[in-house]
Every structure is written in structure tokens, then in C-alpha cells.
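Note on naming: letters A, B, ... go to the chains in the order of the sequence lines (proteins, then strands), and numbering restarts at 1 for each one.
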2 protein chains.
Amino acid sequence: MREAGGRATPARRMLLRVLFSEGEHRSAEELAAAVHAQAPDVNISTIYRNLDELVRLGVVDRAYLGGGPASYHLASAAHGHIVCELCGAMTEVPDDLFNDLAEVVAARYGFKIAPHRFAMTGLCANCR
Amino acid sequence: MREAGGRATPARRMLLRVLFSEGEHRSAEELAAAVHAQAPDVNISTIYRNLDELVRLGVVDRAYLGGGPASYHLASAAHGHIVCELCGAMTEVPDDLFNDLAEVVAARYGFKIAPHRFAMTGLCANCR
DNA sequence: TTAAATGCAAAGAATTTGCATAACA
DNA sequence: TGTTATGCAAATTCTTTGCATTTAA
């Protein structure tokens with residue numbers, strides 16, 4: 001944080017602590033709730049601003065898993081996502097599942113996909 | 001529409017006409033604007049309701065391409081999407097690009113992916 | 001004539017912004 | 001001591017909902 005010209009504030013410490021301790025795939029609201037358990041005065045807009053900053057620094061990944069709120073997780077825990085369109089169940093899938101596809105897309109379009117920042121939607125085993 | 005117990009209303013005719021004539025990947029607001037060019041009185045909530053219905057009937061696909069509004073296109077024009085996280089450029093990719101990946105995901109998780117309803121995000125050739 | 005569709009206005013969820021104040025370095 | 005970060009409230013964007021009215025079949 002400091003290296004990037006930022007400051008170490010209580011709100012930021014709390015947010016990072018929560019990101020490490022809580023499970024993956026938390027929305028901004030959920031992260032805010034977790035932060036509030038310890039520091040009730042941290043404003044939601046501060047959460048959003050700090051998440052933006054952490055995303056910009058590459059510390060946190062923001063993934064859009066469908067219509068709902070954006071989902072945040074530590075960049076260190078990279079993985080893909082599959083999300084059921086009916087029941088909403090989310091499953092993590094290993095990054096390397098995308099290797100072949102990523103190669104083709106890179107070769108054909110010059111596009112580098114970031115598998116941990118989107119979800120493949122469809123139908124899960126239960127809902128099919 | 002009628003087969004599904006629905007009615008053929010002017011608002012629906014207009015919406016479908018627009019979906020056929022306009023390009024792909026329109027947001028609800030864009031579709032509303034196009035409809036309004038011919039029928040200024042159609043309410044945006046009617047657009048949303050009819051889009052919901054068309055999605056339910058499988059006539060239209062709704063894709064979440066990132067943080068912005070949902071994107072709608074005729075289900076007949078099935079294809080995948082890659083969207084650049086920096087410049088927002090969207091490119092359509094053929095469905096069959098997902099064949100191998102879809103097979104693995106089906107075998108391993110029992111999950112059937114719907115490639116035309118999400119976008120793979122990442123960096124385009126220009127932004128890399 | 002009756003269930004389905006619409007318009008309107010209002011609410012809702014998720015996120016962003018302006019501005020005065022507080023606090024890290 | 002001067003930015004940087006925060007709180008607060010209000011605004012924005014996208015979408016949904018309740019309800020009275022209209023309309024297709």
C-alpha cells in the first residue's frame with residue numbers, strides 16, 4: 001500500500017484482514033458487514049474506494065459473476081468460476097482448465113483472458 | 001409468443017423488430033431508445049418485462065458482460081464474447097471454441113456451460 | 001369478458017461522487 | 001503541515017414492483 005504512495009489506515013487494515021480471513025467471493029456489502037463487526041464506523045464508500053485501489057494495485061481481483069454485485073477475492077487465490085443460472089450455486093474451477101482455450105483466443109484474437117475475473121454461467125448438475 | 005400463452009401486443013412487435021434489425025448486444029436502455037423512435041409511449045418497464053419473458057421463452061439471450069447493464073441478443077445468433085477490461089471492446093467468438101472446455105466441465109462437474117450468456121474478460125490486443 | 005399486458009410512479013440494489021473534516025507521513 | 005483518506009449525504013445507474021387501467025383474444 002505504502003509502496004504505491006498510499007497510506008496505512010485502520011479502515012484498510014481491517015479490510016485486508018477480512019479479505020484474508022473470510023472466505024472467497026465476498027461482495028462489497030458482505031465485506032463491509034465483516035469490517036463493521038470490528039469497526040462499525042467504516043463507511044461503505046470507503047470500502048468501495050479501497051477495493052478499487054486494491055484492484056488497481058493487483059492485490060485483489062474483482063469478478064462479475066452474473067447480474068448481482070461484484071465479487072472480490074485475493075489475487076493470490078486465482079481460479080475460475082462456474083455459476084448456475086437457476087440456483088446461483090458457485091463452484092471454483094482450476095485455472096489450468098482454461099489453458100487450451102486461452103491459447104486459441106490469444107493466437108486468434110491477441111486477447112489475453114483473465115479466468116479468475118469472470119464466471120462461466122450455465123446449469124449445474126442439480127438444475128439440469 | 002402466442003404458443004406460450006402470451007399475446008401479440010404492439011410493444012412486443014416493436015421490441016422484436018428492433019432485436020432483429022439492430023445489431024447484437026443491446027442493453028435494455030438501448031433497446032428502449034430504438035423502440036421509442038417508432039413508439040415513444042412504450043414504457044421502459046414494459047421493455048424489461050418483455051425481455052424477461054423472451055429470455056424465459058428462449059427467444060432472447062441475456063448476457064452479463066461485466067459490470068454494466070445486461071446485454072440482449074437473439075438466441076438464434078449464439079456465440080461467445082470476449083470483453084476487454086480496459087477499453088471495453090467486445091468481440092464475438094464462435095461457440096465451438098468452448099467445445100473442449102465444455103466437455104471437461106460437464107464431465108468433471110456435471111455443469112453445462114452456456115457460452116453465449118457470459119463474457120470472458122481480459123485484455124485485448126491493443127491494451128496489452 | 002377476462003386474464004394478460006401496460007403505464008406510471010415509486011422503490012430497490014449496487015455503486016459513485018462532492019465536499020467538508022480528519023489523520024497519516 | 002500538506003496531501004491522502006474518510007464520513008456523510010446525495011446522486012447515478014440499472015432494474016423491479018404495486019396498482020389502477022387498458023387491451024388482445
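Residues passing the salt bridge (Lys or Arg N to Asp or Glu O under 4.0 Å) test with A:E85 are B:R117, sequence neighbours excluded.
For the pair B:L51 and B:A28, the tightest heavy-atom approach, listed with the atom from each and the gap, is CD1-CB, 3.9 Å. Closest non-hydrogen pair, A:A75 versus A:G58, comes out as CB-O, 3.2 Å. The heavy-atom pair separating A:L15 from A:I47 by the smallest distance is CD2-O, 4.2 Å.
Atom NE2 in B:H36 sits about 11 Å away from atom C1' in C:dG7, given to the nearest Å.
With hydrogens and angles ignored, the 3.5 Å screen pairs no side-chain donor or acceptor of A:R49 with any backbone N or O of A:I44. Judged by distance alone, with hydrogens and angles left aside, the side-chain atoms of B:R26 form no donor-acceptor pair with the main-chain N or O of B:S71 at under 3.5 Å. Between the side chain of A:E30 and the backbone N or O of A:S27 there is at least one donor-acceptor pair closer than 3.5 Å.
Regarding contacts with the backbone of C:dA5, every side-chain N or O of B:T46 stays at 4.0 angstrom or more from both OP1 and OP2.
Annotation: ring-ring contact (aromatic ring centres under 6.0 Å, His included) contacts involving residues 36-72 of chain B, sequence neighbours excluded, are absent. Pairs of residues two or more places apart, or lying in two chains, that qualify as ring-ring contact (aromatic ring centres under 6.0 Å, His included) and include a residue from residues 9-33 of chain B are B:H25-B:H73, B:H25-B:H79, B:H25-B:H81.
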Dot-bracket for DNA chain C, 5' to 3', with Watson-Crick and G-U pairs under 3.5 Å, [ ] for crossing pairs and | for other-strand pairs: what is it? ||||||||||||||.||||||||||
Sugar-phosphate atoms are those with a prime plus P, OP1 and OP2; base atoms are the rest. Using that split, label each nucleotide of nucleotides 16-25 of chain D B, S or - for protein heavy atoms under 4.0 Å, 5' to 3'. BBB----BBS
Would you tabulate the pairs of protein nitrogen or oxygen atoms and nucleotide nitrogen or oxygen atoms of nucleotides 11-13 of chain D closer than 3.5 angstrom?
none

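A:L97 places a side-chain heavy atom less than 4.5 Å from the side chain of B:R108.
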